[in-house]
Q: 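If you scroll down you'll find the structure; I have some questions about it.
Every chain is numbered from 1, with letters handed out A, B, ... down the list of sequences. Hydrogens, waters and symmetry mates play no part in the numbers below; they use all other heavy atoms, side chains included.
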There are 2 protein chains.
Amino acid sequence: MAADSQSRDEERRVPRTRQDGPTGPSERARPTSRDVARHAGVSQATVSLVLGEKWHGRVSVRTAETVRTAAHQLGYRPNLAARSLRLGRTRTALLVVPVLNSDFFAHVHTGAARVAAEHDFGIVLYPSPEVVSPTPGPFHSARSALDGVIASSMAPEALAVLRGDGLPLVMLDSDPRGAQAATVNLDIADGMRRAVRHLLDLGHRRLAHIPAAVDSWTFAVRARALAEALTGTGGALVRTEPAALSVADGLRAATRVLSATGPDRPTALICDDDLLAAGACKAARRLGLRVPTDLSVTGFDDLDLATALEPELTTVRLPAEDVGAAGMRALLSVLEGRSTATEVLPVTLIPRGSTGPPPGPS
Amino acid sequence: MAADSQSRDEERRVPRTRQDGPTGPSERARPTSRDVARHAGVSQATVSLVLGEKWHGRVSVRTAETVRTAAHQLGYRPNLAARSLRLGRTRTALLVVPVLNSDFFAHVHTGAARVAAEHDFGIVLYPSPEVVSPTPGPFHSARSALDGVIASSMAPEALAVLRGDGLPLVMLDSDPRGAQAATVNLDIADGMRRAVRHLLDLGHRRLAHIPAAVDSWTFAVRARALAEALTGTGGALVRTEPAALSVADGLRAATRVLSATGPDRPTALICDDDLLAAGACKAARRLGLRVPTDLSVTGFDDLDLATALEPELTTVRLPAEDVGAAGMRALLSVLEGRSTATEVLPVTLIPRGSTGPPPGPS
DNA sequence: CTGAAAGCGCTTACAG
DNA sequence: CTGAAAGCGCTTACAG
């Protein structure tokens, strides 16, 4: 079907016949550097030199000025396809994210696109339908004309596929060990430590963890950091109940956790994500538990959701936009042949209403 | 700075020197159609014909097969820059949305990208920083190599700018009247009617509206439809309090509305958006009002947020992904010279826990 | 049924 | 200081 419509398109693709009269290019056709040259009374090469800022010491100041004026009058904008063909570069980067339905990735995109625009790059977004395998997608599509790839929070296998493609790659929020690629990470471990310390400081000793049932570095780190942060503190992890990344599944997992009685019953729930935390809050309410009086809940991300809830979520804020921006900057460095150190961006714990002291000894 | 880094890039941009020995292209260089031709023992034109599915009746079945095999063996993928240059088309569409921080637009993108991929098109996303004016952005950037534009939920002036650019344009969720462009809309008016009828059926007679303080068709329609739906029903709009599109501002507006006493005090709040509805629920709670016992609240969109809240939001679900998909299809039609009728997609009211009968007469 | 050739618009050595 | 020319990889008339 794709092929069908494509061929239909192409039949109509007769290159525009130039209808230039003695007065110059017809109104219809977009002006080219030749038109500018004609207009300025110089060669087309000179136009290219001037507009590409390579003219210093090669073209007279006056001529350069004439060219610029002509280009402006004609509304000239260079044909990017031609430039790409000549240069072998497209000034386009692909941003691969697991799903687009989270604010987090929307913000990553925003940051990356901002930096890209400053450097005359474009960003194409590819929400990988399956977290595991981006295989069928980007490199078979029309947009495969790419200078590099930025991949955020992908599963290891997916990253392997990406890496195998040979394109310059920057990984975001991914395992930096043994990576062949530049990495921009969040200090996820520190975020988890802060959350745990916050709960311990409030007096909690029996915690449960609702990890995201997603195979990626970013969630693996959370689990590891949680275990580490707890050792030797008197606090204990009484339960771990993974959930898919949705409110509904968070609710289900939390319900199971909270059905325990006695010492197995946690006083605080640490959730890998705000969506899960929202589900946990719902679960608590349905079981007649008040947040935070009877149960404390923490999340990760600080999505809009976090402050929409009542009480508002105590959560670890991840600077998603900064991650995207740093990622694009790293890719630019790689493309320029500069080496880049792994960057780790700090995160912040935002204490809000969903955490408080544990209930008195029961 | 952009120019700086650009020129630095380009200095390194010496076209790859072909190092083809008698054994074919060097490992490094990406294979071209010439390589495939050599490999298959045919001319480069034949390769182009076969791979472009234009060979039927022009090339023998056997030759075609040979070419395909060679292309596959070499891992050949056509150079898109070259094709674009030749064809004058880029197979890339720009999707302009007011902001990306809403799930709604993420889903619009998903739908558009899916259809685009089926037709070998790419989508570049442009979150217009200001809802009003997209001016500085996309057409000055590297990605200006565009075949068309899809603009969702933009302010009229922004659309005017887009229209002025002369690129094929499809508008989403926008005023269809007097539009020069194809339009894909949601039946927003019907959604509002359903919400109102739902509240009237529950017994509500005093409603308040929290419109989004955003200048766009989609919100103008909500206000108009609300007024119309109320005429002659015994129901009245006792208050209108606009709010910026955020939970915090929804909270502020709802607090003002709910501070009224007597007959000015509504029993139900109709919010233009789920974010505002979430704010309204928070306001109610802070004022000691229970939802839905003391106050009913409705939203629009059916974001994740809607079911994360407790009680869950009664809201009008907008099929965002379908909008994006239909928009891309419409753009494809326009590009093929086919005319397109304005499409209007149905919406659904999802009754949930945030609405109920009004409190007894006070 | 197949091949040689033109040309899309650009950038960059290379000659003057 | 400036211009003529080559060539990036492709598609499509046009000749055979």
Side-chain angles (χ1 to χ4, degrees), chain A residues 6-7 9-18 25 29-38 40-64 66-67 71 74 76-91 142 145, chain B residues 6-7 9-18 25 29-38 40-64 66-67 71 74 76-91 142 145:
Chain A
Q6 187 173 346
S7 57
D9 284 350
E10 282 162 2
E11 272 157 30
R12 303 169 42 251
R13 278 297 95 206
V14 185
R16 297 190 227 69
T17 34
R18 302 214 139 259
R30 177 172 155 176
T32 71
S33 60
R34 287 177 67 98
D35 298 323
V36 176
R38 209 144 39 203
V42 300
S43 80
Q44 184 254 15
T46 303
V47 172
S48 187
L49 253 18
V50 171
L51 266 24
E53 286 300 328
K54 295 209 185 346
W55 60 278
H56 297 277
R58 318 235 263 134
V59 176
S60 72
V61 179
R62 251 194 88 202
T63 306
T66 314
V67 168
L74 263 41
Y76 170 72
R77 275 176 299 127
N79 178 317
L80 265 16
R83 174 182 287 169
S84 290
L85 178 56
R86 179 63 233 255
L87 260 25
R89 285 230 199 165
T90 57
R91 301 196 84 79
Chain B
Q6 188 173 345
S7 57
D9 284 351
E10 283 163 1
E11 271 156 32
R12 305 171 40 251
R13 278 298 98 207
V14 184
R16 298 190 228 67
T17 34
R18 301 214 141 260
R30 177 173 156 175
T32 72
S33 61
R34 286 177 68 97
D35 298 324
V36 177
R38 208 145 37 205
V42 301
S43 81
Q44 185 255 12
T46 303
V47 172
S48 186
L49 252 20
V50 171
L51 266 23
E53 287 300 329
K54 296 209 185 348
W55 60 279
H56 297 278
R58 320 234 261 132
V59 175
S60 71
V61 179
R62 252 195 88 201
T63 307
T66 315
V67 169
L74 263 40
Y76 170 72
R77 276 175 296 128
N79 178 316
L80 266 14
R83 175 183 285 169
S84 290
L85 178 57
R86 179 64 234 255
L87 259 25
R89 284 228 197 166
T90 57
R91 301 195 85 80

Q: Under the rule for side-chain contact (heavy atoms from CB on, under 4.5 Å), what residues qualify as partners of Ala71(A), not counting sequence neighbours?
A: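 Testing Ala71(A) for side-chain contact (heavy atoms from CB on, under 4.5 Å), a comparison that skips the adjacent residues, returns Val36(A), Leu51(A), Tyr76(A).
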Q: Please give, in whole Å, the distance from dC10(D) C1' to Asp35(B) CG?
A: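 After rounding, the gap between these two atoms is 13 Å.
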Q: Using atom CZ of Arg77(A) as one end and atom P of dC10(C) as the other, report the distance to the nearest whole Å.
A: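 Rounding to the nearest Å, CZ of Arg77(A) and P of dC10(C) are 12 Å apart.
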Q: How many angstroms lie between CG in Leu80(B) and CG in Leu85(B), if you round to the nearest 0.5 Å?
A: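 So the CG of Leu80(B) and the CG of Leu85(B) are separated by 12.0 Å.
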Q: Consider the side chain of Tyr76(A), meaning its heavy atoms from C-beta on, and name the nucleotide among dC10(C), dT12(C), dT12(D) that approaches it most closely.
A: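 Nearest nucleotide to the side chain: dC10(C).
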Q: Measure CG/Leu87(B) against C1'/dG7(C) and give the value in whole Å, please.
A: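 Leu87(B) atom CG is separated from dG7(C) atom C1' by 13 Å.
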Q: Might you list the N or O atoms of the protein lying below 3.5 Å from N or O atoms in nucleotides 2-5 of chain C, with each pair's distance?
A:
from	atom 1	to	atom 2	distance (Å)
dT2(C)	OP1	Thr63(B)	OG1	2.8
dT2(C)	OP2	Ser60(B)	N	2.8
dT2(C)	OP2	Thr63(B)	OG1	3.4
dG3(C)	OP2	Ser43(B)	N	2.9
dG3(C)	OP2	Ser43(B)	OG	3.4
dG3(C)	OP2	Thr46(B)	OG1	3.2

Q: How many angstroms lie between NE2 in His56(A) and CZ in Arg58(A), if you round to the nearest 0.5 Å?
A: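 Interatomic distance, His56(A) NE2 to Arg58(A) CZ, rounded to 0.5 Å: 11.5 Å.
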Q: Extract all donor-acceptor atom pairs below 3.5 Å that involve side chains of residues 40-50 of chain A and protein atoms in other chains or at least two apart in sequence.
A:
from	atom 1	to	atom 2	distance (Å)
Ser43(A)	OG	Ala45(A)	N	3.4
Ser43(A)	OG	Thr46(A)	N	3.2
Ser43(A)	OG	Thr46(A)	OG1	3.1
Gln44(A)	NE2	Ser33(A)	OG	3.0

Q: Starting at CZ of Arg83(A) and ending at C1' of dG9(C), how long is that distance when rounded to a whole Å?
A: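 Answer to the nearest Å: 11 Å.
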Q: Rounded off to whole Å, could you give me the CH2-to-P distance for the Trp55(B) and dT12(D) pair?
A: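 Spelled out: CH2 on Trp55(B) to P on dT12(D) is 17 Å.
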Q: Any side-chain N or O of Ser33(B) less than 4.0 Å from the OP1 or OP2 oxygen of dG9(D)?
A: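 No, outside the criterion.
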Q: Nearest whole Å is fine: how far is dG9(D) P from Leu85(B) CG?
A: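 To the nearest whole Å, that distance equals 12 Å.
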Q: Tell me: CZ of Arg91(A) to P of dC8(D), nearest whole Å?
A: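 Answer to the nearest Å: 22 Å.
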Q: Treating a pair as Watson-Crick (purine N1 to pyrimidine N3 plus N6-O4 or O6-N4) or G-U wobble (N1-O2 and O6-N3) with both distances under 3.5 Å, list the stems of 3 or more consecutive pairs that involve DNA chain C.
A: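 Stems (3+ consecutive pairs) listed as C:1-3 with D:14-16, C:5-12 with D:5-12, C:14-16 with D:1-3.
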Q: Which pair of heavy atoms, one from Pro78(A) and one from Arg83(A), lies closest together, and at what distance?
A: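 Scanning both residues completely, I find the closest heavy atoms to be CG-NH2, 3.7 Å.
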Q: Output the rounded distance in Å from NZ (Lys54(A)) to P (dC10(C)).
A: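 Checked: the NZ to P distance equals 15 Å.
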Q: Between Ser60(B) and Thr63(B), does a side chain to side chain donor-acceptor pair (under 3.5 Å) hold up when you go through it step by step?
A: CA-CA 5 Å; Ser60(B) 71; Thr63(B) 307; 2.6 Å; yes
